[in-house]
Asker: 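Can you read through this structure? Questions will come right after.
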Amino acid sequence: MKLKQRVVVLALLLVILVLTKLLLLDRLETSAAQRQDQLSFQRMMSGLRLTMDSRLEHTLQSPWEIASQWVVPREVYPEDTPEMGAVLHAMATKKIIRADVGYKGTQLKALLVLDGGQKVVFKPKRYSRDHVVEGEPYAGYDRHNAEVAAFHLDRILGFRRAPLVVGRYVNLITEIKPVATEQLLSTFLKQGNNTCFYGKCYYCRETEPACADREVMEGSVTLWLPDVWPLQKHRHPWGRTYREGKLARWEYDESYCDAVKKTPPYDAGPRLLDIIDTAIFDYLIGNADRHHYESFQDDEGASMLILLDNAKSFGNPSMDERSILAPLYQCCIVRVSTWNRISHLKHGTLRSALLSATGHDPIYPVLSEAHLEALERRLQGIIGTVQQCIDQFGTDVVMVEDRMTLSHV
């Protein structure tokens with residue numbers, strides 16, 4: 001064999017060896033990521049059922065201090081939270097020392113301050129568990145139980161971007177009225193034997209109060225995020241117009257995602273993938289009302305999309321509003337970790353996981369059987385949508401590896 005031919009053969013062999021090595025490294029990295037996701041899923045499942053206990057072992061800190069220290073730019077709480085049950089127990093039982101009208105918004109709520117100075121948002125029960133909210137997917141009052149279920153779904157999906165929520169019963173006469181501000185007290189009234197209030201908000205009306213069962217009202221309490229983490233509000237790029245006959249651009253422009261990708265903060269960093277995670281989350285819970293979203297201030301796009309205000313969910317178990325998934329099926333990308341997690345939740349695992357996660361809650365059962373069945377059905381819809389993207393563009397385009405190191409000091 002001539003020298004020139006030998007050089008060519010050696011060069012080809014070298015190229016083959018390099019490509020083989022790269023392929024093996026890629027497979028090893030993929031395999032390692034899958035093992036990491038599998039272990040993370042197993043840890044989540046083993047720690048899903050919480051014990052509502054006031055005891056905090058091996059610390060002198062209050063539950064409020066512990067929960068405050070959990071918050072970092074990409075998580076509201078860490079994966080390993082042995083104190084979670086104690087924090088939720090405190091939220092559900094600590095003495096209410098102040099009660100006021102809720103922060104600005106469209107729906108009825110109250111702002112409570114618990115013993116130790118911790119603020120929580122109280123959302124009252126409006127519907128029975130079996131009530132079906134008819135009409136538009138964003139119709140009806142807020143659902144307090146939806147906040148509880150959505151928080152635990154956030155745990156199950158491994159996002160850890162939703163503030164802590166727990167169900168709570170409050171006595172309006174003995175717990176709220178003695179510590180209520182004049183502004184809140186002025187909205188109290190009686191309907192028959194039941195004590196009611198209508199608060200202050202855009203849609204709050206004296207003719208549409210929330211009423212207790214005599215004096216005791218069921219509701220949810222959401223932990224207020226620490227003041228050291230101020231929030232910044234953003235218009236959701238896939239928000240609705242809420243005007244009859246007027247479509248948002250994403251509703252008629254199939255190339256809309258290409259325009260979004262050129263716009264900060266979606267042109268770099270994790271925000272677009274957060275939007276797609278949120279679309280998956282919102283589709284599962286039936287939330288078509290995320291017209292805005294919050295992140296932490298001055299984050300330059302690095303902060304997580306915080307999953308606040310999930311109460312316009314679990315309204316109609318028979319309605320699967322596919323347009324909620326528009327960020328997913330228009331961009332056709334998804335985090336590998338998100339895909340691996342939802343793949344682990346097939347075959348009834350999601351339903352049983354949510355039942356286990358909410359089993360400790362004071363207002364259990366949190367969801368009706370119809371809503372649990374809807375979760376399973378919608379999960380299959382998400383998997384089918386991702387598979388369509390893969391069929392069209394290929395796995396390498398659709399699956400995005402985006403793992404960020406999360407430190408808790």
Asker: Is there side-chain contact between Val260 and Tyr256, with heavy atoms separated by less than 4.5 Å?
Answerer: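 The answer is yes, as the side chains (C-beta and beyond) meet within the 4.5 Å cut-off.
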Asker: Test ring-ring contact (aromatic ring centres under 6.0 Å, His included) on Tyr203 and Tyr141; report intermediate values, then the result.
Answerer: CA-CA 9 Å; Tyr203 289 123; Tyr141 301 120; 9.6 Å; no
Asker: Would Arg161 and Glu75 count as a salt bridge (Lys or Arg N to Asp or Glu O under 4.0 Å) here? Give the steps.
Answerer: CA-CA 5 Å; Arg161 301 172 205 156; Glu75 288 184 329; over 6 Å; no
Asker: Surrounding CZ of Arg214 (heavy atoms of other residues, nucleotides or ligands, distance under 6.0 Å), is the total greater than 12?
Answerer: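 Open: at most 12 neighbouring heavy atoms sit under 6.0 Å from CZ of Arg214.
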Asker: Can you tell if the side chain of Glu215 reaches within under 4.5 Å of the side chain of Leu172, non-hydrogen atoms only?
Answerer: no
Asker: Would you tell me whether Arg290 and Asn310 have side-chain atoms, one donor and one acceptor, within less than 3.5 Å of each other?
Answerer: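 Note: Arg290 and Asn310 side chains meet the donor-acceptor criterion.
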Asker: Please answer whether the main-chain N or O of Ser352 pairs with a side-chain N or O of Ser356 as donor and acceptor at a distance below 3.5 Å.
Answerer: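 No; judged by distance alone, with no hydrogens or angles, the pair does not exist.
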Asker: Can the SG atoms of Cys332 and Cys257 be said to lie under 2.5 Å from each other?
Answerer: no
Asker: Output yes when a side-chain donor or acceptor of Trp250 lies under 3.5 Å from a complementary backbone atom of Ala326, and no otherwise.
Answerer: no
Asker: CE of Met217 to CZ of Phe197: how many Å apart, nearest 0.5 Å?
Answerer: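 Between Met217 CE and Phe197 CZ, I get 5.0 Å after rounding to 0.5 Å.
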Asker: Please walk me through it: do Asp53 and Thr51 pass side chain to side chain donor-acceptor pair (under 3.5 Å)?
Answerer: CA-CA 6 Å; Asp53 194 328; Thr51 301; over 6 Å; no
Asker: Is the number of heavy atoms from other residues, nucleotides or ligands under 6.0 Å of Gln380 CD greater than 12?
Answerer: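 Yes, the 6.0 Å shell around CD holds more than 12 heavy atoms from other groups.
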Asker: Determine, stepwise, if the pair Asp213 / Lys125 fulfils salt bridge (Lys or Arg N to Asp or Glu O under 4.0 Å).
Answerer: CA-CA 10 Å; Asp213 182 2; Lys125 177 182 178 179; over 6 Å; no
Asker: For a quick check under 3.5 Å, do Ser295 and His234 share a side-chain donor-acceptor pair by atom type?
Answerer: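 His234 and Ser295 do have a side-chain donor-acceptor pair below 3.5 Å.
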Asker: Which atom names give the shortest non-hydrogen contact between His152 and Leu354, and what distance separates them?
Answerer: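 Heavy atoms only, the tightest pair is CB-CD1, 3.9 Å.
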Asker: For a quick test of reading the model, state the closest non-hydrogen atom pair linking Asn316 to Glu134 and the distance between them.
Answerer: ND2-OE1, 3.9 Å
Asker: Would you check, one step at a time, whether the test side chain to side chain contact (heavy atoms under 4.5 Å, CB included) holds for Leu153 with Leu350?
Answerer: CA-CA 9 Å; Leu153 180 63; Leu350 175 57; 3.7 Å; yes
Asker: Is the shortest heavy-atom distance from the side chain of Tyr266 to the side chain of Pro237 under 4.5 Å?
Answerer: yes
Asker: Output yes when Asp320 and Arg377 qualify as a salt bridge under the 4.0 Å nitrogen-oxygen rule, no when they do not.
Answerer: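 Yes.
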Asker: Is the closest side-chain heavy-atom distance between Arg98 and Leu112 below 4.5 Å?
Answerer: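 Result no, sub-4.5 Å side-chain heavy-atom pair not found.
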Asker: Check the orientation of His236 and Trp238. Use parallel for under 30°, tilted for 30 to 60°, and perpendicular for over 60°.
Answerer: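 Rings of His236 and Trp238: perpendicular, over 60°.
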Asker: Does the side chain of Arg143 come under 3.5 Å of the side chain of Ser220 through a donor N or O and an acceptor N or O?
Answerer: no
Asker: Run the numbers on Arg335 and Asp274 for salt bridge (Lys or Arg N to Asp or Glu O under 4.0 Å), then give the verdict.
Answerer: CA-CA 9 Å; Arg335 281 188 171 102; Asp274 282 1; 3.0 Å; yes
Asker: Would you find more than 12 non-hydrogen atoms of other residues, nucleotides or ligands less than 6.0 Å from Asp396 atom CG?
Answerer: no
Asker: Would Met399 and Ile333 count as a side chain to side chain contact (heavy atoms under 4.5 Å, CB included) here? Give the steps.
Answerer: CA-CA 6 Å; Met399 296 294 162; Ile333 56 173; over 6 Å; no
Asker: Checking the side chain of Glu373 only, and the main-chain atoms of Ala370 only, is there a donor and an acceptor separated by less than 3.5 Å?
Answerer: no
Asker: Between Lys123 and Asp309 (salt bridge meaning N to carboxylate O under 4.0 Å), is one present in this structure?
Answerer: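 The answer is yes: the pair qualifies as a salt bridge.
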Asker: Does the side chain of Thr181 reach to within under 4.5 Å of the side chain of Asp100, using non-hydrogen atoms?
Answerer: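 Side-chain contact under 4.5 Å: yes.
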Asker: Donor-acceptor check, side chain of Arg126 to backbone of Pro209, threshold 3.5 angstrom: yes or no?
Answerer: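 Answer holds: yes.
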Asker: So, Arg43 side chain and Asp80 main chain: donor-acceptor pair closer than 3.5 Å or not?
Answerer: no
Asker: May I ask you to check whether Glu321 and Ser323 show a side-chain donor-acceptor distance below 3.5 Å?
Answerer: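 There is such a pair (donor and acceptor under 3.5 Å, judged by atom type) between the side chains of Glu321 and Ser323.
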Asker: Going through the checks in order, is the side chain to side chain contact (heavy atoms under 4.5 Å, CB included) test met by Trp64 and Leu114?
Answerer: CA-CA 10 Å; Trp64 316 137; Leu114 305 182; 3.8 Å; yes
Asker: Would you check, one step at a time, whether the test ring-ring contact (aromatic ring centres under 6.0 Å, His included) holds for Phe314 with Tyr127?
Answerer: CA-CA 11 Å; Phe314 297 108; Tyr127 303 114; over 10 Å; no
Asker: Distance from Leu355 atom CG to Arg49 atom CZ, nearest 0.5 Å?
Answerer: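 So the gap between those two atoms works out to 9.0 Å.
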Asker: Leu157 and side-chain contact (heavy atoms from CB on, under 4.5 Å): which partner among Asp277, Leu307, Leu345?
Answerer: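 So the option named by the test is Leu345.
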Asker: Is there a side-chain contact between Arg205 and Tyr198 (heavy atoms, below 4.5 Å)?
Answerer: no
Asker: Can Thr93 and Arg168 be counted as having a side-chain donor-acceptor contact under 3.5 angstrom?
Answerer: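 Distance-only check fails for Thr93 and Arg168.
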Asker: Which pair of non-hydrogen atoms, one from Val101 and one from Gln183, has the smallest distance, and what is that distance?
Answerer: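 Smallest interatomic distance, heavy atoms only, reads CG2-OE1, 3.4 Å.
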Asker: If only atom types and distance count, is the side chain of Lys312 paired as donor or acceptor with the main-chain N or O of Tyr138 below 3.5 Å?
Answerer: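 It does hold such a pair.
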Asker: Between Lys261 and Asp267, does any NZ, NE, NH1 or NH2 come within less than 4.0 Å of an OD or OE carboxylate oxygen?
Answerer: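 Salt bridge: no.
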Asker: Kindly give the heavy-atom pair with the smallest separation between Pro163 and Ile306, and that separation in Å.
Answerer: CD-CG2, 4.3 Å
Asker: What are the two closest heavy atoms between Ile363 and Arg129, and how far apart are they?
Answerer: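 Heavy atoms of Ile363 and Arg129 come nearest at O-NH2, 2.8 Å.
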Asker: How many angstroms lie between CD in Glu147 and CG in Leu164, if you round to the nearest 0.5 Å?
Answerer: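 With rounding to 0.5 Å, CD (Glu147) is 12.0 Å from CG (Leu164).
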Asker: Does any part of the side chain of Tyr293, heavy atoms only, come nearer than 4.5 Å to the side chain of Thr278, both counted from C-beta?
Answerer: no
Asker: For the pair Thr263 (side chain) and Ala259 (backbone), establish whether a donor and an acceptor sit closer than 3.5 Å, ignoring hydrogens and angles.
Answerer: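 Answer holds: yes.
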Asker: Under 3.5 Å, is there a donor-acceptor pair between the His344 and Gln38 side chains?
Answerer: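 Gln38 and His344 do have a side-chain donor-acceptor pair below 3.5 Å.
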Asker: Is a side-chain donor-acceptor pair under 3.5 Å present for Gln69 with Gln61?
Answerer: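 Present: a donor and an acceptor within the cut-off.
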Asker: Give me the atom names and distance for the closest heavy-atom approach of Gly167 to Val148.
Answerer: N-CG2, 3.8 Å
Asker: Under 3.5 Å, side chain of Lys109 to main-chain N/O of Gln107, donor-acceptor pair present?
Answerer: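 Yes, Lys109 side chain to Gln107 backbone: donor-acceptor pair under 3.5 Å.
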Asker: Between the side chain of Ser255 and the main-chain N/O of Asp258, is any donor-acceptor distance below 3.5 Å?
Answerer: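 Side chain of Ser255 to backbone of Asp258, a donor-acceptor pair under 3.5 Å: no, none is there.
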Asker: Between Arg351 and Glu376, does any side-chain N to carboxylate O distance fall below 4.0 Å?
Answerer: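 Between Glu376 and Arg351 there is no salt bridge, as every charged N stays at least 4.0 Å from the carboxylate O atoms.
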Asker: Is the shortest distance from a Lys or Arg side-chain nitrogen in Arg240 or Asp289 to a carboxylate oxygen in the other one below 4.0 Å?
Answerer: no
Asker: Can you confirm whether Thr385 sits close enough to Tyr283 that some side-chain heavy atom of one is under 4.5 Å from a side-chain heavy atom of the other?
Answerer: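 SC-SC contact between Thr385 and Tyr283 ruled out.
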Asker: Scan side-chain atoms only and decide if Ser128 and Asp130 contain a donor-acceptor pair under the 3.5 Å cut-off.
Answerer: no
Asker: Given 3.5 Å as the limit, does a donor-acceptor pair link the side chain of Glu251 with the main chain of Leu247, or not?
Answerer: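 Absent.
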